[in-house]
Peer 1: 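Please read through the structure below; I'll follow up with questions.
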Amino acid sequence: MLANWLVAAASYAAKEGRTVVDKLGALTLPLFAFGCLGGAHSVANMCWFALALIENRHAAEITWGSAWLNILLSGIGNILGAMLFQALPQYLGHGVDAKFHRKFG
C-alpha cells in the first residue's frame with residue numbers, strides 16, 4: 001500500500017506543478033523513496049520478474065505461481081492504497097459538488 005501511495009503522490013504532485021521543473025521536482029522525492037524502500041507495486045514487479053528471467057540469475061527461484069501470487073497481493077495492496085491513502089483524503093479534502101452527484105450519483 002505504501003508503494004502505491006508514493007506513486008500516486010508523485011503523480012498528483014506532478015499534476016499540480018506549473019512548469020516542467022516543478023513537475024520533475026515533485027516527482028523526485030516520492031519515486032526515490034519508492035525505490036529505496038523496495039516497494040511492491042504490481043507493474044514494477046512485472047518488470048523485475050522479466051529482468052530476473054532475462055539475467056537468468058534467479059530463474060530457478062521464480063515460478064509462474066510465485067509471480068502471479070506476488071502480482072495478486074501487490075495488486076490488492078495497490079488498490080487499497082489508492083483508495084485509502086489517495087482517493088479518500090482527496091475526496092474528503094476537496095469534496096464533490098452537487099452537480100456531479102446529480103449527474104453520476
Side-chain angles (χ1 to χ4, degrees):
M1 289 199 305
L2 175 66
N4 193 20
W5 179 74
L6 288 169
V7 170
S11 69
Y12 182 74
K15 182 181 77 79
E16 294 300 315
R18 292 195 175 109
T19 66
V20 174
V21 175
D22 294 344
K23 293 175 185 295
L24 290 175
L27 284 171
T28 304
L29 183 63
L31 292 183
F32 274 124
F34 169 74
C36 291
L37 292 172
H41 192 273
S42 56
V43 177
N45 288 356
M46 290 180 210
C47 179
W48 286 117
F49 291 139
L51 289 174
L53 290 173
I54 289 169
E55 194 176 64
N56 207 15
R57 239 188 241 182
H58 303 285
E61 299 171 17
I62 298 174
T63 64
W64 283 106
S66 67
W68 282 111
L69 179 65
N70 185 295
I71 291 169
L72 175 72
L73 293 176
S74 62
I76 291 169
N78 292 164
I79 291 168
L80 289 175
M83 287 189 319
L84 296 176
F85 299 125
Q86 194 66 31
L88 184 63
Q90 200 168 350
Y91 176 78
L92 294 175
H94 297 290
V96 176
D97 60 353
K99 183 180 177 183
F100 179 84
H101 282 298
R102 283 194 299 272
K103 186 173 183 181
F104 297 106

Peer 1: Closest heavy-atom contact between Lys23 and Lys15?
Peer 2: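 Taking every non-hydrogen atom into account, NZ-O, 3.9 Å.
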
Peer 1: Quick check: closest heavy atoms across Leu27 and Ser11, and the distance to 0.1 Å?
Peer 2: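 Shortest heavy-atom separation between Leu27 and Ser11 comes out as CD2-N, 4.5 Å.
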
Peer 1: Is there a donor-acceptor pair under 3.5 Å between the side chain of Asn70 and the backbone N or O of Ser66?
Peer 2: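 Here the side-chain-to-backbone pair does not exist.
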
Peer 1: Could you tell me which non-hydrogen atom of Gly17 sits nearest to which non-hydrogen atom of Asp22, and how far apart they are?
Peer 2: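 Distance-wise, the nearest heavy atoms are CA-CB, 3.8 Å.
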
Peer 1: Taking Val7 as the starting point, is it possible to reach Phe32 by hopping between hydrophobic residues whose side chains are less than 4.5 Å apart?
Peer 2: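 The answer is no; the residues belong to distinct hydrophobic clusters.
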
Peer 1: As an exercise, state the distance from CD1 of Ile79 to CG of Leu84, rounded to the nearest 0.5 Å.
Peer 2: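 Separation between the atoms: 11.5 Å.
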
Peer 1: How close do Ala14 and Ala26 get, heavy atom to heavy atom, and via which atoms?
Peer 2: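 The answer is N-CB, 3.9 Å.
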
Peer 1: Are Leu69 and Leu80 connected, step by step, through hydrophobic side chains (Ile, Leu, Val, Met, Phe, Trp, Tyr) whose heavy atoms are closer than 4.5 Å?
Peer 2: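 They do not share one cluster, since no chain of ILVMFWY contacts under 4.5 Å joins Leu69 to Leu80.
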
Peer 1: Does Tyr12 share a hydrophobic cluster with Trp5, counting links as ILVMFWY side-chain heavy atoms below 4.5 Å and allowing steps through other members?
Peer 2: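 Shared cluster, no.
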
Peer 1: Do Met83 and Leu6 belong to the same hydrophobic cluster, where Ile, Leu, Val, Met, Phe, Trp and Tyr are linked whenever their side-chain heavy atoms lie under 4.5 Å apart, directly or via other members?
Peer 2: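 Same cluster: Met83 reaches Leu6 through Ile, Leu, Val, Met, Phe, Trp or Tyr contacts under 4.5 Å.
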
